[in-house]
Structures are given as structure tokens and as C-alpha cells.
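A quick write-up on the structure given underneath.
Not measured: the values here are computed from a predicted model.
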Amino acid sequence: MAVVSDFHKRILFSDEAHFWLNGYVNKQNYRIWSEANPQVYVETPLHPEKLTLWCALWAGGILLQKR
């Protein structure tokens, strides 16, 4: 802050999330606890429809993009 007085205004926080429209949940990133049998095989499409959201927060506001 001594060198660049508005340094805190230049910080950008961003993240991206994928939402599958068929109800699929990426189990690598989420933990779901259930009493159902986890070994049950459920067939899913090879390329299901999904929505990707990207968001960034900074001192100037919020940036949002969906693909």
C-alpha cells in the first residue's frame, strides 16, 4: 500500500461453476450423504447440457458471465 495507494482496488476475486441441467452433480467437488446405495449404476448422457457461470468481484463491482 505504501507503493501503490489504490492497491486494494486492483484485487480481483473470481470463480467458475458448472451446473448440469439433467441433475448430475460432480462428486469430485461436492460431498453428498445419502442412505441410498452408492454403488447403483445410473446411465447418463455422454454430453449433457450444462450452464457455466463465471463471476468476479472487485472494488468496481461485480462481473458476471454465463455460457
Side-chain angles (χ1 to χ4, degrees):
M1 297 271 310
V3 177
V4 181
S5 62
D6 66 342
F7 177 75
H8 65 284
K9 293 181 181 178
R10 298 180 184 199
I11 299 173
L12 179 79
F13 298 96
S14 68
D15 197 10
E16 183 177 84
H18 306 282
F19 299 94
W20 280 264
L21 302 179
N22 66 353
Y24 170 77
V25 176
N26 183 349
K27 295 179 181 82
Q28 181 177 356
N29 298 329
Y30 300 100
R31 301 295 179 245
I32 298 175
W33 296 90
S34 173
E35 295 180 10
N37 184 353
Q39 304 300 323
V40 174
Y41 176 75
V42 178
E43 190 172 326
T44 58
L46 183 59
H47 301 288
E49 293 184 62
K50 70 178 176 179
L51 174 69
T52 301
L53 293 177
W54 179 85
C55 181
L57 304 172
W58 67 301
I62 299 173
L63 305 172
L64 179 67
Q65 180 183 13
K66 58 183 175 178
R67 297 181 253 158

Within 6.0 Å of CD1 in Ile62, more than 12 heavy atoms from elsewhere
no
Gap between atom CH2 of Trp58 and atom NZ of Lys9 - 0.5 Å precision:
10.0 Å
Starting at CG of Asp15, measure out to CH2 of Trp54 and round the result to the nearest 0.5 Å.
10.5 Å
Heavy atoms of other groups near Glu49 CD, more than 12 under 6.0 Å:
no
Taking all non-hydrogen atoms of both residues into account, name the closest pair between Val4 and Arg10 and its distance.
CG1-CZ, 3.8 Å
Pairwise distance NZ(Lys66) to OG1(Thr52) - rounded to 0.5 angstrom
12.0 Å
Working to the nearest 0.5 angstrom, can you tell me the gap between Phe19 CZ and Leu51 CG?
7.5 Å
